[in-house]
Amino acid sequence: QVQLVASGGGLVHPGGSLELSCAASGNIFAITEMAWYRQAPGKQREWIATTNGKITYSDSAKGRFTVSRDDGKNTGYLHLTTLTTEDTAVYSCSFEIAFDAYHQPGLYWGQGIQVTVSS
């Protein structure tokens, strides 16, 4: 059975940086897609970035956030820089995970991680 664990959140000052990670474990054949989201209080969930052969970013993430992955560790990373109070939100990751070469992948979510930007 697959487990997907997110980590790296916390409190940071405006202008600071933070790195989030999501690590999957289990009988994994391949991770075909990694995606990142966030949800601020009182707002709907917002897509941040996706890596699935190429990397795409939302307008709010471009130039400040960077996505990377380590397939040997089944882990994805979201590096946050130049943070402002408007970046305060619960961040989450989703992975598309395949268990063999013949079936469509399934979608799995990590738990939400609080990122608070405050002076």
Side-chain angles (χ1 to χ4, degrees):
Q1 185 170 320
V2 169
Q3 292 184 305
L4 183 53
V5 179
S7 62
L11 177 66
V12 64
H13 296 308
S17 301
L18 206 62
E19 186 171 81
L20 310 181
S21 64
C22 280
S25 62
N27 185 210
I28 298 170
F29 177 76
I31 300 175
T32 56
E33 180 177 274
M34 298 180 180
W36 291 90
Y37 302 84
R38 68 183 182 184
Q39 187 167 23
K43 303 182 70 176
Q44 65 185 26
R45 186 195 301 160
E46 175 189 11
W47 169 75
I48 297 173
T50 298
T51 174
N52 56 9
K54 72 175 185 178
I55 299 174
T56 54
Y57 295 97
S58 69
D59 289 340
S60 64
K62 290 176 183 176
R64 299 191 302 127
F65 300 170
T66 302
V67 171
S68 62
R69 60 192 290 172
D70 185 338
D71 289 322
K73 297 180 179 179
N74 291 323
T75 300
Y77 303 91
L78 178 65
H79 188 61
L80 313 172
T81 65
T82 320
L83 289 163
T84 75
T85 57
E86 295 181 2
D87 295 313
T88 295
V90 174
Y91 288 70
S92 58
C93 64
S94 69
F95 287 5
E96 287 187 351
I97 300 175
F99 299 96
D100 57 44
Y102 311 105
H103 297 84
Q104 291 182 315
L107 183 64
Y108 298 85
W109 288 85
Q111 86 280 11
I113 295 294
Q114 179 69 49
V115 172
T116 301
V117 184
S118 176
S119 59

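These numbers come from the heavy atoms of this one structure, side chains and all, not from hydrogens, waters or symmetry mates. In this chain, residues are counted from 1 in sequence order.
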Q) Atom CG of L4 and atom OG of S94: how far apart are they, to the nearest 0.5 Å? A) 8.5 Å
Q. Looking only at heavy atoms, what is the nearest atom pair of Y57 and T66, with distance?
A. OH-CA, 3.4 Å
Q) Atom CD1 of I113 and atom CH2 of W36: how far apart are they, to the nearest 0.5 Å? A) 8.5 Å
**Q.** Side chain to side chain, M34 and C22, heavy atoms closer than 4.5 Å
**A.** no
Q. Are S21 and S7 close enough that a side-chain donor and a side-chain acceptor fall under 3.5 Å?
A. yes
Q. Nearest heavy-atom pair of Q111 and A6: which atoms, and what distance?
A. NE2-O, 2.6 Å
Q: Kindly indicate whether the side chain of Y102, heavy atoms from C-beta on, has any atom under 4.5 Å from the side chain of F29.
A: no
Q) Taking the side chain as C-beta and beyond, is there a heavy-atom pair between T88 and Q114 under 4.5 Å? A) yes
(Q) Do P14 and V117 make a side-chain contact, defined as non-hydrogen atoms from C-beta onward lying under 4.5 Å apart? (A) yes
Q.
Parallel, tilted or perpendicular, judged at 30° and 60°: which one describes the rings of Y91 and F65?
A. perpendicular
Q: Indicate, with yes or no, if Y108 and V5 share a hydrophobic cluster defined by side-chain heavy-atom contacts under 4.5 Å among Ile, Leu, Val, Met, Phe, Trp and Tyr.
A: no
Q) Got a second to check how far H13's NE2 is from L18's CG, nearest 0.5 Å? A) 12.0 Å
Q) Which heavy atom in T50 sits nearest to a heavy atom in A35, and how many Å separate them? A) OG1-CB, 3.7 Å
Q: With rounding to the nearest 0.5 Å, note down the distance linking CG in L20 to OG in S92.
A: 10.0 Å
Q) Do L11 and S118 touch side chain to side chain, with heavy atoms closer than 4.5 Å? A) yes
Q | Residue pair I48 / L78, side-chain heavy-atom distance below 4.5 Å | A | yes
Q) About how many Å separate OH of Y77 and SG of C93, when rounded to the nearest 0.5 Å? A) 12.0 Å
Q: Could you grab the distance from atom NZ of K43 to atom CZ of R38, nearest 0.5 Å is fine?
A: 7.5 Å
Q.
Donor-acceptor check, side chain of T81 to backbone of R64, threshold 3.5 angstrom: yes or no?
A. yes
Q) Is there a side-chain contact between I31 and N74 (heavy atoms, below 4.5 Å)? A) yes
Q | Shortest non-hydrogen contact between Y37 and W47, atoms and distance | A | CD2-CA, 3.5 Å
